[in-house]
Amino acid sequence: MAEFAYDIRDLKFILNEWLDMEEVFGLERFKDSYEKGDIDFILNEVYKIAKEVVFPINKEGDEIGLKFENGKVTLPPAYVEAYKFLQENGWGSANESLGSDELMPLTLYRAYNEMLMAACPALTSYIKLTTGAANLIYRFGTDQDREMFIENMLNGQWSGTMCLTEPNAGSDVGDATTRAFPTDDPRIYKIKGTKMFITGGEVDLSENIIHMVLARPEGGAPGSKGLGLYIVPKIWVNEDGSLGEPNDVVCTGIEHKMGLKASATAMLSFGENDNCRGILVGPPPDGEGASKGLAMMFHMMNESRIGTGHNALAQMAAAYYFAAKYATERIQGRLFTNPKAGRVPLIKHEDIKRMLLEMKAQVEAIRAMIFRGFYYLDIAEHGSDKEKAKRCQGLAEILTPLIKTYAAETAWQMIGQAIQVYGGVGYTEEYPVSQYARDVKILSIWEGTSFIHAMDLVGRKMRMGDGVHFANWMNDRKAFIDANKNIEGFGAELKRLEKAYQSVAEIKELYSAYYADKAQKGHLIPLYAHRVLTCCAQLFAAESILDQAMLAKRKIEELGTGHHDYAYYAGKVNSAKFFINNILPNVDYQAGLIKNADVSALECPEEAFIVS
């Protein structure tokens, strides 16, 4: 088995040197619990756990997979043990739960969690979903709900899920047909329907599973506004917190997938015997049949969307680190410039080094983008300055579709490139990168396809708050460029960044015009939405990694080239230069395509796509 390795140095750089973690640790929620001195200890401890406890089960889960028999799903035994280890030793759901005394700043929690995701993405999905379900109950449940469910979810005794998708609805959540019928108890409803693609919907990780289910109550309005939210335990929970009878929730099957084979994706049937009970979360339907179920569920969905992008980054990073290590060890070929000198390691070849630097640049730029998002969320959730918190919330909402989509799509491409570095052996199952390729592909589909997020950006995020939040986001990009125009060593990069900023500004104006003339130009909005999202993501990622590179350059000047950290800081500078000079120009290219407004994809007859 290959030995797991991860760039813990970059995570420490982000938290110790780049982000203002003093501000985060000084927030009222954290000032008595965590401090900056905790960072290295926590990261070092979890790195060891990722290597020794979590990574060894990754291949086992891929090879053994899941066993489905008589409605029960059995995981490989090592998965159950690792899940319990993380939950019981304080590295699981409690550290991200709003209802926990152990709550960490998201920036710190996510830094250590990234290593666990990289070590075994199938395992960490169960932890994340349990956290998300517990947070929903904490935010919107009653005191009684919190007392009944949260503690056992956070200590690992119970797990959690999110139940939205249905066989006939897919991403059109508003078309859901699962129903909720009132009982004599206004708190309790009978649930009846089917949900699919439910991660962790049936597993043997815990003694109970708490499903958060969207269903339409009697008299509920059509569409998404009529959906309510219900807590549906697999085993009914009595009011004193003890377990009662099974709750008429049946797993009818699990998906057979190309990757994440130890992540149970279940089909669930609720109420086949008319005895599935759910606890209403939030108020009952109003006089017009409107409920707040989907609005509440969006809190869990948005957590999961950012988490999905971060999961993609973790897998991309792991594949890159494996490929880089292999390139230093594998002796193959001779130098183009000196073929008589003998065989050399792969990393000595120009094209291999180009591929490695592209992977490194994408990993570090996306990681920088994501952790700025986590910083915004920490301030938004826990900051006492209400205006700053509101502003950070708006910035985080804009980043959510960028993080989810750009990270997930880039990861698929870069893991393919990691396989290329390995050559033929990368396509075999003897090396870990092939599994990452299979595991990561779902992440551009999970929690909404790339198009859904692109439309969220251009249709909602750019326009929310009368456009104020996106204007703030654009103003921050302009302020960075203006403040750093005279910084030595990055003149060409800053010019490219400014050009990309101008391209995005032009795209924004173009889309405003499309919405103003929707009757004539409306078809162009969805047609080019994905490209708009890519442009925004690459602009923000480029600025983020350039900001890091400027700090790294100052460190080099301060410490000198003989310092043990010189290679790390020099690598950061070169990552930024590569990203801005080789990847960021795509923004200008894509902006040209958007302005050109070619509609051949729409004009092509549908019959032309069909081969008989």
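Hydrogens, waters and symmetry mates play no part in the numbers below; they use all other heavy atoms, side chains included.
Using modelled atom types, no side-chain atom of Asp565 and backbone atom of Tyr568 make a donor-acceptor pair closer than 3.5 Å. Remark: side-chain polar atoms of Asn155 are not paired, donor with acceptor, to backbone N or O of Gln87 under 3.5 angstrom. Listed for the Asn472 side chain is no donor-acceptor partner under 3.5 Å among the backbone atoms of His469. In this structure, Asn152 contributes its side chain and Trp158 its backbone to no donor-acceptor pair below 3.5 Å. Using modelled atom types, no side-chain atom of Arg305 and backbone atom of Pro401 make a donor-acceptor pair closer than 3.5 Å. No donor-acceptor pair under 3.5 Å is formed between the side chain of Ser291 and the backbone N or O of Gly293. A donor-acceptor pair under 3.5 Å is formed between the side chain of Ser97 and the backbone N or O of Gly99.
Contact of the Arg463 side chain with the Phe470 side chain is not registered, since no non-hydrogen atoms from C-beta on lie closer than 4.5 Å. Within the 4.5 Å cutoff, no side-chain heavy atoms of Met148 are placed close to those of Ile137. Using a 4.5 Å heavy-atom threshold, the side chains of Leu86 and Ile127 count as touching. At a threshold of 4.5 Å between non-hydrogen side-chain atoms, the residues Asn135 and Met300 do not count as touching. The shortest distance between side-chain heavy atoms of Met297 and Leu164 falls below 4.5 Å. Taking the side chain as every heavy atom from C-beta outward, Glu364 and Met369 never approach each other to under 4.5 Å. Proximity of Gln157 to Glu151: side-chain heavy atoms (C-beta onward) are nowhere separated by under 4.5 Å. Looking only at side-chain heavy atoms (C-beta outward), Glu493 and Asn581 come within less than 4.5 Å of each other.
Checking Tyr47, Phe322, Tyr321 one by one against Phe55, the ring pair (Phe, Tyr, Trp, His ring centres under 6.0 Å) holds for a single residue, Phe322. His530 pairs with exactly one of His453, Glu409, Gln590 by the side-chain hydrogen bond (donor to acceptor under 3.5 Å, both in side chains) rule, that one being Glu409.
Comment: Arg496 does not engage Asp588 in a salt bridge, judged by the lack of any side-chain N to carboxylate O separation of less than 4.0 angstrom. Salt bridge status for Glu543 with Arg477: present, with a side-chain N to carboxylate O gap under 4.0 Å. Comment: Glu303 engages Lys128 in a salt bridge, judged by a side-chain N to carboxylate O separation of less than 4.0 angstrom. Checked for salt-bridge contact, Glu387 and Arg391 miss the test: no charged N lies under 4.0 Å from a carboxylate O. Residues Arg29 and Glu381 are not paired through a salt bridge, judged by the lack of any N-O separation under 4.0 Å between the basic side chain and the carboxylate. Taking the charged nitrogens against the carboxylate oxygens, Lys36 and Glu17 have no contact shorter than 4.0 Å, which rules out a salt bridge. The pair Glu558-Lys553 does not count as a salt bridge, with every side-chain nitrogen at least 4.0 angstrom from each carboxylate oxygen.
Ring-plane geometry between Tyr376 and Phe540 is classed as tilted, the angle between the planes lying from 30 to 60 degrees on a 0 to 90 degree scale. Ring geometry, Tyr515 versus Tyr511: the interplanar angle falls from 30° to 60°, so the pair is classed tilted.
For the pair Lys499 and Tyr501, the cation-pi test (distance below 6.0 Å, angle within 45°) is failed. Seen from the ring of Phe371, Arg110 does not count as a face-on cation partner, given the 6.0 Å and 45° thresholds.
Atoms CG and CG, from Asn113 and Leu11 in turn, are 11.0 Å apart once rounded to the nearest 0.5 Å. With rounding to the nearest 0.5 Å, the separation of OH in Tyr375 from OG1 in Thr107 is 9.5 Å. Ile398 CD1 to Asp476 CG: the interatomic distance, rounded to the nearest 0.5 Å, is 9.5 Å. Here the CG atom belonging to Leu116 is positioned 7.0 Å from the OG1 atom belonging to Thr124, to the nearest 0.5 angstrom. How far CG of Leu229 is from CZ of Phe298: 12.5 Å, rounded to the nearest 0.5 Å. The distance from atom CG of Asn484 to atom CE of Met550, rounded to the nearest 0.5 Å, is 4.0 Å.
Among residues two or more places apart in sequence or in another chain, the side-chain hydrogen bond (donor to acceptor under 3.5 Å, both in side chains) test is passed with Thr534 by none. Shown here are the side-chain hydrogen bond (donor to acceptor under 3.5 Å, both in side chains) partners of Trp18, two or more places apart in sequence or in another chain: Asp547. Taking the ring-ring contact (aromatic ring centres under 6.0 Å, His included) definition, one finds that His382 meets it with Phe30, sequence neighbours left out.
Of the N and O atoms on the side chains of Asn44 and Lys12, at least one donor lies less than 3.5 Å from an acceptor on the other residue. Judged by distance alone, the side chains of Asn302 and Thr400 never bring a donor and an acceptor atom under 3.5 Å apart. Judged by distance alone, the side chains of Tyr6 and Glu114 do bring a donor and an acceptor atom under 3.5 Å apart. A donor-acceptor contact under 3.5 angstrom links the side chains of Ser544 and Arg372, judged on distance only.
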request  = Please step through side-chain hydrogen bond (donor to acceptor under 3.5 Å, both in side chains) for the pair Glu358 and Asn582, ending with a clear verdict.
outcome  = CA-CA 9 Å; Glu358 182 176 4; Asn582 295 273; over 6 Å; no
Verdict with supporting geometry, His563 and Tyr569, ring pair (Phe, Tyr, Trp, His ring centres under 6.0 Å) = CA-CA 10 Å; His563 193 271; Tyr569 290 127; 7.4 Å; no
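The environment of NZ in Lys441 is crowded: more than 12 heavy-atom neighbours from other residues, nucleotides or ligands sit within 6.0 Å. The number of heavy-atom neighbours closer than 6.0 Å to CG of Asn475, taken from other residues, nucleotides and ligands shown, is above 12.
Residues Leu399 and Gly373 share a closest heavy-atom pair of CD1-CA, 3.8 Å.
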